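Down below is the structure, laid out as structure tokens.
Because the structure is a prediction, the values reported are computed rather than measured. When a residue number appears, it is its place in the shown sequence, counting from 1. What's counted below: heavy atoms across the whole structure, side chains too, no hydrogens, waters or symmetry copies. Read the numbers this way: they start at 1 and go in the same order the structure lists the ligands and their atoms.
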Amino acid sequence: MRILLVEDDEALGQGIALSFEGQGFDFCSCSRLAEARNALQQGAFDLILLDLGLPDGSGLALCRELRARGDATPVLFLTANDAEYSEVTALEAGGDDYITKPFSLAVLRARVTSLLRRSRPAPAALELPPFLFDFDAMVFARDGVPLELSKTEQRLLRLLAEH
Ligand code: CA
């Protein structure tokens, strides 16, 4: 998982990157919008942690740019206080979530995990011999024989397949 972290508070940035260490995340840290734009040109990210108040502008501007060019990378805003920001502003700019400073790193990790889970496409089909579950076609079979599943059973299966 590649995460782009755009935060000009160095101590906070390091704390965030450290708190994700050893969990399979690859952090790219930037402290300015210009650096973040460069990083985005060089490769795709699975998620962007984006501070609002940056030395060369607002994180909202970067998020708008991404969405304007059809980039749907999940964006989680890091905001200094409620006053500079509202959930409406975030949604308007195309953000997916936000967290207000000071925040607990554990809460941030939980938000990141949940955003990544939401943004991952659900599996189209699941094979667990002798069972086959095709969620696109809504076909469920055992040894090639179709099974009748209720809507609830289908939903449960899908949940299990996704996790
Ligand atoms: Ca800042």
Side-chain angles (χ1 to χ4, degrees), residues 1-126 133 135-136 152 154-163:
M1 287 286 156
R2 292 193 75 210
I3 296 192
L4 176 62
L5 170 65
V6 194
E7 170 60 67
D8 61 322
D9 179 334
E10 225 171 277
L12 178 60
Q14 281 171 2
I16 292 174
L18 268 177
S19 87
F20 281 91
E21 212 160 66
Q23 296 176 60
F25 290 97
D26 180 12
F27 266 81
C28 171
S29 299
C30 303
S31 57
R32 286 165 189 273
L33 287 179
E35 282 173 55
R37 288 189 183 107
N38 276 339
L40 284 161
Q41 267 166 15
Q42 278 155 32
F45 291 89
D46 296 293
L47 185 126
I48 303 172
L49 294 176
L50 189 51
D51 184 24
L52 282 189
L54 291 158
D56 55 347
S58 165
L60 289 170
L62 180 63
C63 187
R64 287 197 187 100
E65 285 166 28
L66 286 173
R67 299 305 183 242
R69 59 172 186 258
D71 187 328
T73 307
V75 170
L76 195 161
F77 285 115
L78 310 173
T79 78
N81 56 59
D82 281 321
E84 75 169 323
Y85 184 79
S86 75
E87 199 167 352
V88 175
T89 324
L91 296 176
E92 280 171 358
D96 298 275
D97 200 359
Y98 75 100
I99 191 164
T100 306
K101 299 173 190 174
F103 48 78
S104 128
L105 290 171
V107 172
L108 177 67
R109 282 199 304 273
R111 297 274 185 93
V112 165
T113 310
S114 140
L115 253 187
L116 287 171
R117 200 168 47 223
R118 271 192 272 152
S119 68
R120 221 174 294 149
L126 177 69
F133 308 110
F135 295 102
D136 273 350
T152 310
Q154 291 176 12
R155 258 203 307 276
L156 273 173
L157 263 176
R158 178 153 224 151
L159 266 178
L160 286 173
E162 282 172 9
H163 295 285

Taking every non-hydrogen atom, the tightest pair across G15 and L105: O-CD1, 3.8 Å
Closest contact, heavy atoms only, G59 versus L50: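 What the structure gives for the nearest pair is O-CD2, 3.1 Å.
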Charged N-O contact under 4.0 Å between R117 and D96: no
Q23 CD: over 12 foreign heavy atoms closer than 6.0 Å: yes
Side chain to side chain, L40 and T73, heavy atoms closer than 4.5 Å: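 No - every pair of side-chain heavy atoms lies 4.5 Å or more apart.
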Any L49 side-chain heavy atom under 4.5 Å of F27 side chain: yes
Neighbouring protein N, O or S atoms of the Ca ion (ligand 1) [cut-off: under 3.0 Å, no waters]: D8 OD1, D51 OD2, G53 O
